[in-house]
Amino acid sequence: MSSPSTPVAPPEGRTVVETDVLVVGSGPAGSAAALALATYGVDTLVITKYGRLADTPRAHITNQRTMEVLRDLGVEEEVAAEAAPQELMGNLVYCTSIAGEELGRLHSWGTRPDRLADYTAASPTRICDMPQDLMEPVLLHNAQSRGARVRFDTEYLSLTQDDEGVTVRVRDRVRGDSYDIRARYVVGADGGRSQVAADLDLPLEGRMGVGGSINIVFEADLTHLVADRPSVLYWVLQPGADVGGIGAGLVRMVRPWHRWLIVWGYDIDGPAPDLTEDYALSIVRKLIGDDDVPVRIESSSAWTVNHLYARSYSSGRVFCAGDAVHRHPPSNGLGSNTSIQDSFNLAWKLAAVVKGQAGPGLLDSYSAERAPVGKQIVDRANQSIGDTARIFDALGLLSTEDPDEMVAHMAARKEATPEAEKQRAALREAIAFKDYEFNCHGVELDQRYASGAVVPDGTPPEEPTRDPELYHHPSSRPGAKLPHAWLTTDHRRQVSTLDLVGHGRFTVVTGIGGEGWVSAADAVGAELGLDVGTALVGPGRAHDDLYGDWARLRGVSDGGALLVRPDGYVAARWAEASPDPDAALGAALRTVLDRS
C-alpha cells in the first residue's frame, strides 16, 4: 500500500497527496466507509467541505441490521450508550397537538408485544434512536483512532481516472488554494446533491423536489405531556394550519424529553418560507398546543422530498454510496441505515482488492447487490407518505377544503351512530396500515443479494410464510444474511452466530462431521493468501447449539457447511459433507473473489 499522505513530486509542480481510498463526505455513508476501511487496515483519507460534522439531528432511527454492522465494527456499545433505547420509541401518536386530543396510537419500531418477540429473536442487537449529530462522531472518531485521516474544509472539485487510479482535484476552503489527491479508488459519499455522482453521470431514475419540508430544531421540556406515552414521533393534524388545508406536522423526539425536531411542509411550487425565528416559534407553539411551555429555537432549514435512485453505483474506480445514489423522504427510517450498509458492503470488497486478495471483478458486485436495495427503500419511503392519506380520508379531511368542515368531520367519530362507528373502524384500520412504515422488519433485515460474489446452490428462493415487508424470514441460502441464533461457548457464555463471522474475513461454519471443511479452510486460505476463519458447532466443541435454534435455521446437515463473507452474508452453501472440501471451498472462494 502507498505511504499515508506523503507528498510526491507531481507533474506541473502541483502538490499531490496519496492514499489507497479517498472518501468524499463525512456523513453516515462516508464515516462508515472510513471506519470499515480503517478497521480492515486500508490507507484511507476522508475529505469534507464542511468545517465540522453534522450539527443537526437529521437521521435518527438505527435499525437492527445497522446495529449488527456496528457490532461487527466494534462500536455497538458506544452507540447504544448514547442512543434512546427501543422502549422509549414505541407509542406513535396521532393528535391535534401534543397537549391536545389524541386521535389514535400505533405500537412502532417493534414494541408491540408480539412484534417485540420477532425483533428479539431476529438479532443480537436492538433497534434504537441515535441522532445523526451523535452518530457521525462515533463513526469518524473511531475511524481516526484506527488510522483513517480526515481533512475538513476540503472541497471536492473534480476527478479524472486512468488505469492505475483516480486524481481528485480539491480546494482548501481555509487557505483558498487547490491541490490533487491521488487514490487507487474513490468513494463518493457526498450526499443528496452529490457532485461525484453528477461527474460520473450515474444513471438516475425518478425526480427531485416532489415536496417541500421545513425542519425546526428546538428545546422545550415536554415531559409532562409525553413521558407517559414515550415515542420518537408525534403526528399532529390541525385543519386549516397551512399545507393543503390539512395542517399535518411531525414532532420528533431528539433527546427525551427536552430536545425536539418539527417537520412541517410547504408548497414546493411556491417559494420556501422565510425561516425567521418568529415563524419557527409560531409553528412550534401550534404543534405543542401549550403556550406556557418555554421554547428555545435552535435552528430551522428547508429541504425537499425526493424520489430518486441510481441504477448503477459506480463507474471505473469510483463508487458512490448513501444519499448520493438513493434520495427519499425520512419515512420508514431507512436513509442512514441504508447508507451505512452500502459502505459496509463496499468496504470489505475494496480492502480485498487493495490487498491483492481479490480481482477487480469483485467490485462489480457492489452495484449488483446494493442498487436493488436502494430502489426498494426509495419506493418504500415514498409509498409510506402516500399511505398517510388513508388516515386523512378516514377522518373526513379529503372530502372538503373548508377547515371548519374538517374539524366537524373529525369530531363526528365520537357520535353514537352507524356512520361514526364505520369512521372509527376506518381510522383504526388506517393507523394499523402504517405498520408498513413503522414496523417493516422484513424490509430492514431481509435484503437478498444476487451477484458474482454469491455462489448459487441450486435451491429456489424460500416462499415467505408471512408478509415479507413486515416480517423477517431468516435464511441461510446464498445471498442471504447469516441467521442469528444464540450459541453457548465452552465457558458457558452466550454468543450470537453473527459473532462467529465477519471482522473482515471469510468464515466457514460447520458442525460435527464437517471437520474436513475446517481443514479445507486452512489449506485454501494459505493457498489464496486469506485468513479464513472457522466455526464448528456441536456438543463438546467450542460452540454448542443447546437451544437447538441453529439446527433449525442453518439449512445444512451437521456435515454441511456455510461460507460466510466478511459482511455476514452467505457466499456459498453445501447441504452435506463433501468428498473433496478443499476443491469445493477453493472453487467458491475463487469465484467470489474473481480469482478464477
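These numbers come from a predicted model, not from an experiment. All residue numbers in this chain count up from 1 along the given sequence.
- In terms of the side-chain hydrogen bond (donor to acceptor under 3.5 Å, both in side chains) criterion, Glu82 has no residue partners (sequence neighbours excluded).
- A donor-acceptor distance shorter than 3.5 angstrom exists from the side chain of Gln161 to the backbone of Ser315, with no hydrogens or angles considered.
- For the side chain to side chain donor-acceptor pair (under 3.5 Å) criterion with Thr66, the lone passing option out of Glu76, Arg71, Gln341 is Gln341.
- Residues passing the ring pair (Phe, Tyr, Trp, His ring centres under 6.0 Å) test with Phe438, sequence neighbours excluded: Trp109.
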Chi angles and distances behind the salt bridge (Lys or Arg N to Asp or Glu O under 4.0 Å) call for Asp20, Arg182: CA-CA 8 Å; Asp20 281 328; Arg182 180 68 176 170; over 6 Å; no
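- Partner Met67 forms a side chain to side chain contact (heavy atoms under 4.5 Å, CB included) with one of Ile127, Thr125, Asn337, Ile340 and no other, that one being Thr125.
- The ring pair (Phe, Tyr, Trp, His ring centres under 6.0 Å) check on Tyr471 picks up nothing, with sequence neighbours excluded.
- Listed here is the closest heavy atom pair of Ala371 and Ala310: CB-O, 4.0 Å.
- With sequence neighbours excluded, the residues satisfying side-chain hydrogen bond (donor to acceptor under 3.5 Å, both in side chains) with Glu78 are Asn142.
- Remark: Asp163 does not engage Arg317 in a salt bridge, criterion side-chain N to carboxylate O under 4.0 Å.
- One finds a salt bridge joining Arg554 and Asp558 here, because a Lys/Arg side-chain nitrogen approaches an Asp/Glu carboxylate oxygen to under 4.0 Å.
- Looking at heavy atoms from C-beta onward, Val325 lies out of side-chain contact with Tyr309 at the 4.5 angstrom threshold.
- At least one donor-acceptor pair under 3.5 Å links the side chain of Gln64 to the backbone N or O of Tyr119.
- Looking at Tyr449 and Tyr569, their side chains come closer than 4.5 Å, going by heavy atoms from C-beta outward.
- Within the 4.5 Å cutoff, the side chain of His473 has no heavy atoms near those of the Glu463 side chain.
- Using modelled atom types, no side-chain atom of Thr489 and backbone atom of His543 make a donor-acceptor pair closer than 3.5 Å.
- Within the structure, salt bridge (charged side-chain N to carboxylate O under 4.0 Å, His left out) contacts touching residues 115-127 (residues at least two apart or in different chains) are Glu87-Arg126, Arg115-Asp118, Asp118-Arg466.
- Side-chain contact between Thr62 and Met135 is present, with heavy atoms from C-beta onward closer than 4.5 Å.
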Stepwise ring-ring contact (aromatic ring centres under 6.0 Å, His included) test for Phe319 and Tyr313: CA-CA 6 Å; Phe319 303 83; Tyr313 284 11; over 10 Å; no
Residue pair Val17, Leu45: steps toward the side-chain contact (heavy atoms from CB on, under 4.5 Å) verdict: CA-CA 10 Å; Val17 172; Leu45 173 63; 4.1 Å; yes
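- Between Glu576 and Ser557, the shortest heavy-atom contact is OE1-OG, 2.9 Å.
- Nearest heavy-atom pair, Tyr40 versus His503, reported as atom, atom and distance to 0.1 Å: CE2-C, 4.4 Å.
- When atom types are taken as modelled, the side chain of Asn306 and the backbone of Leu308 share no donor-acceptor pair closer than 3.5 angstrom.
- Considering only heavy atoms from C-beta on, Val532 comes within 4.5 Å of Leu589 through its side chain.
- A donor-acceptor contact shorter than 3.5 Å is absent between the side chain of Asp544 and the backbone of Thr488.
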Output side-chain donor-acceptor pairs under 3.5 Å for residues 342-352, partner residues at least two apart or in another chain, one line each.
unit_1, atom_1, unit_2, atom_2, d
Asp342, OD1, Arg370, NE, 2.8
Asp342, OD1, Arg370, NH2, 3.1
Asp342, OD2, Gly322, N, 3.1
Asp342, OD2, His326, NE2, 2.7
Ser343, OG, Ala29, O, 2.6
Asn345, OD1, Lys349, NZ, 2.8
Asn345, ND2, Glu369, OE1, 2.8
Trp348, NE1, Asn345, O, 3.3
Trp348, NE1, Asp567, OD2, 3.3
Lys349, NZ, Ser365, OG, 2.9
Lys349, NZ, Glu369, OE1, 2.8

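- With sequence neighbours excluded, no residue forms a side-chain contact (heavy atoms from CB on, under 4.5 Å) with Pro456.
- Sparse packing is recorded around CG of Asp201, with 12 or fewer heavy atoms of other residues, nucleotides or ligands lying under 6.0 Å away.
- Counting only distance, with no hydrogens or angles, the side chain of Ser475 and the backbone of Lys481 share no donor-acceptor pair below 3.5 Å.
- The six-membered or imidazole ring of Tyr50 lies away from that of Phe152, with a centre-to-centre distance of 6.0 Å or more.
- The salt bridge (Lys or Arg N to Asp or Glu O under 4.0 Å) test with Asp43 singles out one residue from Lys355, Arg184, Arg149, Arg146, and that residue is Arg149.
- With respect to Glu205 and Lys375, no salt bridge is recorded, no charged nitrogen being found less than 4.0 Å from a carboxylate O.
- Remark: the backbone N or O of Ala485 is paired with a side-chain donor or acceptor of Thr497 at under 3.5 angstrom.
- Ser123 and His484 share no donor-acceptor pair across their side chains, judged by distance under 3.5 Å alone.
- Between Arg65 and Glu444 the shortest side-chain heavy-atom distance does not fall below 4.5 Å.
- In this structure, the side-chain hydrogen bond (donor to acceptor under 3.5 Å, both in side chains) partners of Thr459, at least two apart in sequence or on a different chain, are Asp457, Arg477, Arg573.
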side-chain contact (heavy atoms from CB on, under 4.5 Å) assessment of Asp549 paired with Trp486: CA-CA 7 Å; Asp549 291 336; Trp486 287 115; 5.7 Å; no
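- Annotation: salt bridge (charged side-chain N to carboxylate O under 4.0 Å, His left out) contacts involving residues 586-596, sequence neighbours excluded, comprise Glu527-Arg590.
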Less than 3.5 Å apart, which donor and acceptor atoms pair up between the side chains of residues 510-523 and the rest of the protein, not counting sequence neighbours?
unit_1, atom_1, unit_2, atom_2, d
Thr510, OG1, Gly560, O, 2.7
Glu515, OE1, Gly513, N, 3.0
Trp517, NE1, Gly559, O, 2.8

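- Looking only at distances, no side-chain donor or acceptor of Asp190 sits under 3.5 Å from a matching main-chain atom of Gly25.
- At distances below 3.5 Å, not a single donor-acceptor pair connects side-chain atoms of Thr167 with backbone N or O atoms of Thr160.
- The side-chain hydrogen bond (donor to acceptor under 3.5 Å, both in side chains) check on Gln144 picks up nothing, with sequence neighbours excluded.
- With hydrogens and angles disregarded, a donor-acceptor distance shorter than 3.5 Å links the side chain of Ser194 to the backbone of Ala197.
- By the salt bridge (charged side-chain N to carboxylate O under 4.0 Å, His left out) test, Arg193 is found to be paired with no residue, residues two or more places apart in sequence or in another chain being considered.
- Residues Arg151 and Val46 are not in side-chain contact: their nearest non-hydrogen atoms beyond the backbone lie 4.5 Å or more apart.
- Looking only at atom types and distance, the side chain of His307 has a donor-acceptor partner in the side chain of Asp379 under 3.5 Å away.
- At least one side-chain heavy atom of Arg448 sits less than 4.5 Å from a side-chain heavy atom of Asp446.
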